[in-house]
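A note on names: the letters A, B, ... follow the listed sequences, proteins ahead of strands, and every chain is numbered from 1.
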Protein chains: 4
Amino acid sequence: MGKSRMEAFSDGVIAIIITIMVLELKVPHEATLEALLPLWPLFFAYVLSFVYVGIYWNNHHHLLQLAQKVDGRALWANLHLLFWLSLVPFMTNWLGEQHMAALPMALYGVVLLMSAIAYDLLVRSLVRLHGPQSALAHAIGRDTKGWVSIVLYAVGVPLSLWQPLVGAAFYVGLALVWIRPDPRVERM
Amino acid sequence: MGKSRMEAFSDGVIAIIITIMVLELKVPHEATLEALLPLWPLFFAYVLSFVYVGIYWNNHHHLLQLAQKVDGRALWANLHLLFWLSLVPFMTNWLGEQHMAALPMALYGVVLLMSAIAYDLLVRSLVRLHGPQSALAHAIGRDTKGWVSIVLYAVGVPLSLWQPLVGAAFYVGLALVWIRPDPRVERM
Amino acid sequence: MGKSRMEAFSDGVIAIIITIMVLELKVPHEATLEALLPLWPLFFAYVLSFVYVGIYWNNHHHLLQLAQKVDGRALWANLHLLFWLSLVPFMTNWLGEQHMAALPMALYGVVLLMSAIAYDLLVRSLVRLHGPQSALAHAIGRDTKGWVSIVLYAVGVPLSLWQPLVGAAFYVGLALVWIRPDPRVERM
Amino acid sequence: MGKSRMEAFSDGVIAIIITIMVLELKVPHEATLEALLPLWPLFFAYVLSFVYVGIYWNNHHHLLQLAQKVDGRALWANLHLLFWLSLVPFMTNWLGEQHMAALPMALYGVVLLMSAIAYDLLVRSLVRLHGPQSALAHAIGRDTKGWVSIVLYAVGVPLSLWQPLVGAAFYVGLALVWIRPDPRVERM
């Protein structure tokens with residue numbers, strides 16, 4: 001089964017996710033800096049989420065370049081990933097409106113954690129389909145970076161409940177680590 | 001007439017439908033679990049609709065892979081399917097906001113029923129175009145699963161008016177049956 | 001200059017236009033038929049606009065199939081068409097919320113009229129680019145149907161101000177005429 | 001690394017940006033011209049932003065036609081451009097709702113300025129990837145028009161704070177200059 005429509009559909013969904021978040025940036029009702037400045041937590045959350053969704057799109061792009069084909073299992077693993085990413089706008093909005101409060105920060109981390117797990121499941125479904133000797137399997141290797149990230153998100157969630165800004169530091173730090181496209185894939 | 005733009009347009013519309021539903025998940029006005037928990041019926045409806053739209057995308061993908069060409073009739077059959085799917089976000093929202101009440105549950109079922117009928121009409125328009133000896137016609141066969149589903153949706157609608165949760169059980173059960181991509185198509 | 005990205009971009013914009021209209025169907029605040037029924041004018045407007053946008057997508061699809069290339073002029077003619085189509089959701093919503101009142105019905109017709117003129121300009125820009133001896137120019141011919149439609153929309157607008165339902169009949173009638181893909185193109 | 005998915009993703013995001021702006025055109029609550037006319041500043045802002053996003057899409061289209069490949073740096077330069085463009089709907093809405101007040105007009109100019117800088121960075125990342133002897137580098141040349149525009153946006157921002165309509169004249173003037181596709185690229 002060809003991969004092109006799965007790429008096209010994922011491009012569409014991710015493009016919409018990354019763009020509709022801006023609809024939640026409600027415009028101030030006055031034309032003053034005083035009215036604009038209270039938006040900064042929402043704007044910060046918007047930038048962070050834009051970067052995260054951009055990272056997922058980049059990695060998805062790289063991953064699918066290595067894949068030759070997809071099957072029903074991979075289609076559902078992909079939809080599962082898109083499901084968790086689709087919750088990012090909701091969490092971004094809640095986090096921003098509640099000025100980085102503890103619970104929204106923790107649940108934002110849960111969505112990042114579940115997205116990372118879903119991405120890992122997608123990788124596994126593709127490795128399984130292409131076989132352990134495939135170029136894809138060799139490029140992915142042991143995926144230490146992926147696993148360490150999942151652990152760090154899992155640590156960031158309870159930390160957010162204790163000190164939301166510590167959780168935010170975890171999420172920002174992990175975003176910075178992932179902005180660079182995966183060198184394993186670049187090497188290919 | 002080539003099928004690629006019909007695929008691209010359908011991918012776009014279905015990607016938007018599956019993603020804009022999340023815009024209806026209005027964020028709570030407090031950063032507490034007590035404020036978040038009342039969202040659960042809407043979240044449940046969101047998950048169910050996400051799965052249903054995902055199923056339609058998967059099946060549409062499989063179906064179009066078997067098709068070689070489209071004509072004006074198939075383009076309108078496809079738009080007719082997209083029309084019913086476009087009502088899913090509205091019904092999801094109403095169902096969730098009314099906490100799974102009887103009438104929204106029944107009309108949610110009507111939209112599922114009409115989508116199933118529209119999908120069947122799309123299949124027929126493609127079989128008619130490709131002829132009864134085509135690979136497409138052989139792969140589709142007698143489509144028992146499609147017809148049984150249409151009957152079960154039609155049964156689920158009045159049941160929803162009587163006991164909404166019984167209707168919900170019908171819709172969830174049919175979703176589980178359809179999550180597996182159609183083996184007739186996989187076999188090809 | 002290749003036409004594929006212009007097709008892809010147009011597919012994206014038209015897919016979004018046809019789908020976001022449903023966001024304006026605000027769900028009723030009760031789970032009763034009494035609460036749902038007042039939505040019927042908006043639902044009627046939604047169906048009509050869905051059909052119109054579907055017609056434009058179909059005709060755009062057919063037209064671009066005949067085109068071999070595009071230039072800067074055609075790109076702007078295309079954006080001009082997309083601009084008028086992008087106003088359809090706004091007009092649909094106003095028309096539905098104002099229960100088919102005279103002024104929204106007339107301005108809905110203005111948007112249809114301007115879209116038809118914009119489509120005609122796009123056709124002309126492509127004919128000019130491909131030359132009068134091209135298959136495209138022969139397929140388009142004298143475009144009587146396009147011109148008669150423009151005249152009828154122009155008649156429908158003042159009629160709407162006088163009797164909105166007469167205007168609605170004009171728009172519905174023209175939609176029915178255009179649902180059939182253009183035989184000139186089908187013949188190719 | 002192929003450029004096709006970067007094109008497809010950009011098409012998706014830009015298509016959504018250009019279309020969701022219309023969601024902010026809130027319909028009047030009466031069916032009268034008196035209720036419609038106060039929308040004119042928002043409508044003017046909508047038209048201006050539609051033209052600007054259209055210009056970026058056109059230029060992006062032309063630029064990517066000259067590119068043979070992309071790398072991780074170009075993907076992020078592209079996402080950076082899309083980020084600034086994604087703020088256009090927010091600024092459009094604020095500008096329109098505040099009836100062209102000084103601060104929104106200035107910040108609208110900031111978003112145009114940052115988009116122009118981001119586009120320049122994208123051009124540089126592609127020139128760097130293709131090398132100074134590439135057709136792309138020759139087509140771009142010294143990019144005087146790009147640099148003059150950046151300077152003029154930077155001048156327009158403080159002017160907007162002083163006299164918003166002077167700023168608006170700058171932005172409209174620059175849009176008119178850019179509507180013509182870049183002759184350097186057309187020449188190729």
Colleague: Among C/Ala101, C/Ser86, C/Ser4, which residue has the highest count of heavy-atom pairs closer than 4.5 Å to chain D?
Modeller: C/Ser86

Colleague: Considering non-hydrogen atoms only, spot the tightest contact between D/Ile179 and C/Trp76 and give its length.
Modeller: O-NE1, 2.7 Å

Colleague: If you tally heavy-atom pairs under 4.5 Å against chain D, which of C/Met91, C/Met6, C/His80, C/Met105 wins?
Modeller: C/Met6

Colleague: Evaluate the side-chain proximity of D/Trp57 to C/Leu75: yes if any heavy-atom separation is below 4.5 Å, no if none is.
Modeller: yes

Colleague: Taking atom types as modelled and ignoring hydrogens, do the side chains of D/His60 and C/Arg5 form a donor-acceptor contact shorter than 3.5 angstrom?
Modeller: yes

Colleague: Flag the one option from C/Leu79, C/Ile17, C/Leu95 with the top tally of heavy-atom pairs under 4.5 Å to chain D.
Modeller: C/Leu79

Colleague: Side chain from CB out, backbone as N, CA, C, O: work out which of these in C/Leu85 comes under 4.5 Å of a heavy atom of chain D, or both, or neither.
Modeller: neither

Colleague: Go through the atoms of D/Leu25 and report whether side chain, backbone, both or neither lie under 4.5 Å from a heavy atom of chain C.
Modeller: both

Colleague: Identify which part of C/Leu107 has an atom lying under 4.5 Å from any heavy atom of chain D, answering side chain, backbone, both or neither.
Modeller: side chain

Colleague: Could you state the interatomic distance from CG (C/Asp11) to CG (D/Asp11), rounded to the nearest 0.5 Å?
Modeller: 10.0 Å

Colleague: I need the C/Ile14 CD1 to D/Thr19 OG1 distance, nearest 0.5 Å.
Modeller: 10.0 Å

Colleague: Just do the side chain to side chain contact (heavy atoms under 4.5 Å, CB included) check on D/Leu23 and C/Glu24 with the steps written out, would you?
Modeller: CA-CA 9 Å; D/Leu23 289 177; C/Glu24 306 295 347; 3.6 Å; yes

Colleague: Can you name the residues of residues 28-52 of chain C that have some heavy atom under 4.5 Å away from a heavy atom in chain D?
Modeller: none

